[in-house]
Every structure is written in structure tokens, then in C-alpha cells.
Amino acid sequence: MAFSTSTNTPKADTSGHVHSTKRPSFSARSHSNGLTSLTPSRCTSCEARGTPCRLRTPRNSCKTPSRQNPPVCDRFIPVRKGVDHDLNSYKLLESLAGGDAKQQSPDDVKSDFQRHLEKQLLDKSNEKILAFKTKPPKSHDVRSGLKTLYSMNKDHLPKRLTRHIPQSAERVLDAPELLDDYYLNLLDWNRDDFISIALGPSVYLWNARTASLCHLLDLSANGNEGEYVSSLSYDKTGRLLAVGTSTKEVQLWDVTQQHRVRVMRGHASRVSCLSWNGPFLTSASQSGHVHHHDVRIADHCVALLPAHGGEVCGLKWSPDGRYLASGGNDNVIKIWEGIDGSATAPLHSLTDHTAAVKALAWCPWHSTLLASGAGTADRCIKFWNVVTGQCLNSVDTKSQVCGLLWSAEHRELVSGHGYSQNQLTIWKYPTMTKLCQLMGHTGRILHLCSSPDKTMVASLAADETLRLWSCFQADVMKKNSHTEKAAGNASSTRSIARSIR
């Protein structure tokens with residue numbers, strides 16, 4: 001395609017010739033090298049006469065200098081560390097640039113490029129053209145590679161599953177006419193598997209082995225209407241049952257013979273809680289006083305303690321018989337040492353609770369550790385060091401605490417609660433992690449006790465039901481190890497006896 005501009009006006013020069021004023025047209029010409037250049041076309045009027053035209057530009061001066069063929073180069077490679085670009089470019093283009101490099105077909109260039117590229121990439125004796133990354137640093141860890149590999153996901157291993165705890169009660173018994181009174185203690189379980197339950201004026205014995213029921217006593221049999229049983233407690237042998245009444249008496253009953261042994265008086269109001277320490281029986285009443293009785297002698301009252309400003313609703317001796325804990329409606333826990341009648345002042349008065357303290361439980365493996373639980377206004381379980389009187393921990397349970405029991409084998413604690421869920425909660429000590437909640441009662445749990453082997457828990461609630469829960473089943477592996485150890489000790493003892501003979 002040509003671009004041209006011209007005029008039709010003739011023009012005369014000094015020699016008398018008239019030249020056409022039409023400007024030469026410029027046309028786009030293609031060169032053999034593939035480039036185009038703009039060159040002026042010839043003047044037609046001057047060529048007709050054979051006269052050279054002074055307006056015509058010499059051919060050679062109008063041509064654009066021809067460009068040399070650009071060198072054939074590789075694709076662009078980004079700058080990378082560890083790559084000598086100059087050396088690699090020289091090696092790659094050396095054969096193409098040297099020798100007879102006048103004309104090379106694209107196929108030849110491509111084949112040469114591929115040949116050199118393969119040589120550089122596959123020949124390990126030469127330096128690499130491409131270096132994608134630097135070498136990783138050497139590890140200074142001397143541990144085994146497999147050990148490192150298998151320890152990488154150690155934190156993601158599943159935790160050991162906890163033991164199985166049945167979520168439903170093993171047995172449910174009716175308890176009609178049960179008094180819904182937070183301050184009373186109407187349930188206990190002896191070593192012969194007899195559960196004693198106080199229902200109004202009567203006391204019943206239920207054999208957990210044979211499921212047989214026995215009616216032990218009835219306070220209304222003599223025409224004393226309105227009287228009721230207010231507390232129960234077995235002695236260590238399981239033969240004597242102490243019964244506190246609303247008539248200010250403490251009665252002792254032989255459960256094997258099912259007859260009353262004796263009656264002890266001295267309280268000014270109903271006897272709300274009882275606790276044994278060997279041959280001594282401690283009783284507390286609604287007046288706030290605590291009495292120590294020696295059941296072996298006629299003059300049974302050996303000590304009288306003005307303990308609390310309100311009704312005493314919790315009373316427990318420590319396993320070693322050294323300390324006595326009493327909790328009252330005045331929101332105070334008092335720690336007493338021994339049964340000395342001269343010790344009328346408590347060792348400690350613990351005042352951290354803000355409600356009546358009924359739930360008291362001594363740790364079976366730590367004789368100076370006491371757990372306590374209080375009513376609706378407090379809702380806390382607290383742990384105490386009775387030697388120093390220091391509160392070690394406090395846990396808000398969000399509901400009324402009515403009872404506490406320890407498990408020595410599993411190092412756990414079960415608590416009975418009231419509103420709003422009326423549940424039993426099993427805690428892991430000392431972290432106080434909640435393991436599970438046992439639901440079933442529709443009224444607040446008032447009383448808790450454990451079986452002789454400490455595997456079962458009995459709960460008596462305001463819904464007038466008694467439920468037996470399998471909370472602390474024995475660890476089979478641990479039990480087997482103890483059995484094998486005992487058998488080994490027995491065999492060694494027999495061998496020693498034979499050697500002595």
C-alpha cells in the first residue's frame with residue numbers, strides 16, 4: 001500500500017524545462033529480510049525526456065539500513081541464586097554463533113537448542129542451568145530419623161478413655177413418707193450390706209444381697225403421734241445402729257437381734273446427726289450442741305460442746321479418729337481435736353461458706369483433708385487442710401450440695417445435688433474435672449452413702465425413691481496385680497515356714 005500527495009501545477013527551472021510539481025509518491029516496499037522501508041517513487045515526466053530529475057532522491061540514500069538477523073536466544077530465565085547466567089548463556093550459544101552461522105533453518109536452531117539443553121540438564125558433570133532452590137541446611141539433630149518421624153504427631157494421639165460408668169441406676173426402691181428436710185440424716189449402709197432407711201417414725205432394713213426387707217422400729221407404736229426419726233448411723237462393726245429421734249433421744253439397736261439395747265438422753269432438741277469413733281458416739285442437735293457418749297458406761301455423756309449458733313446438720317469423724325468436723329446452719333465448719341472434755345474450743349472455725357454446711361467427707365488417703373459442701377446460697381465444694389485451717393480449693397457446682405463421698409481406688413469424688421437437675425456428679429480429684437452426671441431423681445438428693453466395698457452409691461431423694469448406682473467399679477487390672485502380689489507373698493511365707501521346720 002502506497003501513501004502519495006501530489007499537485008497538478010507545472011514548474012519551470014532555469015534551463016527552461018518545465019517540471020511537474022507533482023511530488024513523488026512514497027510506497028512501502030518489502031525487503032528480502034522481511035522488513036519494510038518507505039522510499040520515494042520516480043518522477044515520470046523526467047524519465048520520459050531522459051533528463052535526470054533533481055527532485056529524485058538517490059536510491060541508496062532512501063533505503064533504510066538493513067538489520068542483521070537477531071541472535072537466536074533461549075527463553076527468559078528469572079534470576080536465581082546459584083546460577084551463572086553468563087557462563088550458561090555462552091555455553092548454550094557458542095555453537096550457534098561460531099563457525100558458518102550465515103543461515104540456519106528454524107529446525108536446525110531448534111535441534112541445536114534441544115541438544116545443548118539436554119546436555120546441560122542431563123550431563124551431571126557440567127554445571128546446572130536451572131537452580132530452583134538452594135540446598136537445605138544440614139540438621140544438627142543426632143536423633144534417629146524414625147524416632148523423629150514417629151514423634152511428630154505425638155500430641156494428636158487420642159487420650160486414654162475413662163472407665164465406663166453406667167448412666168442408669170442398678171436398682172430403684174420406693175421410699176414413701178420420706179421427710180423432705182435438708183438438715184436430717186436418714187440413710188446408712190453397714191458392712192453386712194444392710195441399708196437402713198428412716199421413713200417418718202419407722203426404720204427399715206433392706207438387705208442388698210438378698211433384697212429382703214425388715215421393719216426394725218416404729219416410734220408411733222406406743223401412741224406417740226408426730227414423732228419421727230431424725231438421724232441414723234452404724235458403728236464400725238455394723239451391728240449397732242444409733243437412732244436419733246425428734247424426742248431428743250439417742251437409741252441403740254442391735255440389728256442382728258433386732259432389739260433395742262439402750263436409750264441415751266441429754267439433748268434439748270431433736271438429734272439431727274450422729275457419728276461413731278470406736279466405742280464413742282457423737283451426736284448433735286437442733287440447739288447447736290455436740291455431745292460425746294461412751295456407750296460402754298452408764299454415765300454415757302463424757303463431753304458437751306456448745307458448737308454452733310444454729311442446728312448442726314453435718315457431723316463426721318476423720319478415718320484415724322483424731323479430728324471431728326461439724327457443720328451447722330450458721331454457715332460455719334468447726335474442727336475439733338480428740339474427745340477430751342476439757343477441750344471446749346474448736347481447733348479451727350472455717351467461715352468461707354455462705355450457706356448451711358451439711359455435706360462433709362474426709363479423704364480416705366489423706367487424714368487431714370476435708371471436703372465440704374453447702375446449700376443453695378453457696379453451691380460450692382471446698383477442700384480444707386484441717387491442720388492449718390487453709391482452704392485449698394473451691395468449686396462452684398451451680399446447685400445445692402447435699403452429700404459427698406470419696407473413692408480411694410479411683411481418686412474421685414461423688415456429690416449429690418438439689419435444684420435444678422437433682423443429679424449425682426462424679427469429679428476427678430484434684431483437678432475437679434467433671435467425669436459424668438447421673439440423672440434420674442426428680443427431687444433434690446437429700447442423703448448419700450456407699451457400700452462396704454465402696455463401689456456402689458445409694459442416693460435417697462425428695463422424690464421418695466432410693467437408687468443404687470454403680471459409680472466406682474473396681475479396676476480389674478489393678479485387682480489382678482494385687483491378687484498376684486498377695487499370692488506371691490503367701491508362697492514366700494510358706495517357703496520360710498518350711499525352711500524353719
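Computed from a prediction, not measured in an experiment: that's the story for all the values here. Throughout, residue positions are numbered sequentially from 1 according to the sequence presented.
- A donor-acceptor contact shorter than 3.5 Å links the side chain of Gln167 to the backbone of Ile165.
- Aromatic ring centres of Tyr429 and Phe383: separated by under 6.0 Å.
- Smallest separation of non-hydrogen atoms from Leu370 and Ala361: CD1-O, 3.6 Å.
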- Check step by step if side chain to side chain contact (heavy atoms under 4.5 Å, CB included) holds for Leu179 and Leu184. CA-CA 8 Å; Leu179 297 178; Leu184 304 184; 4.0 Å; yes
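- Between Arg444 and Asp463, none of the side-chain N atoms (NZ, or NE/NH1/NH2) sits under 4.0 Å from a carboxylate O, so this pair counts as no salt bridge.
- In this structure, His289 has no ring pair (Phe, Tyr, Trp, His ring centres under 6.0 Å) partners at least two apart in sequence or on a different chain.
- For the pair Lys358 and Tyr183, the cation does not sit on the ring face, since its NZ or CZ is not both under 6.0 Å from the ring centre and inside 45° of the axis.
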- Kindly indicate, with the supporting measurements, whether the criterion side-chain hydrogen bond (donor to acceptor under 3.5 Å, both in side chains) is fulfilled by His353 and Thr351. CA-CA 6 Å; His353 283 293; Thr351 60; over 6 Å; no
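- Applying the salt bridge (Lys or Arg N to Asp or Glu O under 4.0 Å) criterion to Arg171, with sequence neighbours excluded, gives no partner residue.
- Here Glu409 does not pair with Lys454 in a salt bridge; the nearest charged N to carboxylate O distance is not below 4.0 Å.
- Qualifying salt bridge (Lys or Arg N to Asp or Glu O under 4.0 Å) partners for Asp181, counting only residues two or more places apart in sequence or in other chains: Arg270.
- Judged as a ring pair (Phe, Tyr, Trp, His ring centres under 6.0 Å), and not counting sequence neighbours, the contacts of His215 are Tyr204.
- One N or O on the side chain of Ser269 and one on the backbone of Ser287 form a donor-acceptor pair closer than 3.5 Å.
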- Given side-chain hydrogen bond (donor to acceptor under 3.5 Å, both in side chains), test Thr282 with His293 step by step and report yes or no. CA-CA 6 Å; Thr282 301; His293 309 273; over 6 Å; no
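- None of Trp427, Phe472, Trp365, Trp362 except one satisfies the ring-ring contact (aromatic ring centres under 6.0 Å, His included) rule with Trp406; the exception is Trp365.
- Annotation: ring pair (Phe, Tyr, Trp, His ring centres under 6.0 Å) contacts of His441 (sequence neighbours excluded): none.
- In summary, the side chains of Ser196 and Asp188 do not present any donor paired with an acceptor at a separation below 3.5 Å, with no hydrogens or angles considered.
- Using a 30° and 60° split on the angle between ring planes, Trp317 and His292 fall in the tilted class, from 30° to 60°.
- Screening Ser231, Cys273, Ser272, Ser283 for a side-chain contact (heavy atoms from CB on, under 4.5 Å) with Leu315, the sole residue that qualifies is Cys273.
- At least one donor-acceptor pair under 3.5 Å links the side chain of Ser246 to the backbone N or O of Tyr228.
- Partners of Asp352 by salt bridge (Lys or Arg N to Asp or Glu O under 4.0 Å), not counting sequence neighbours: none found.
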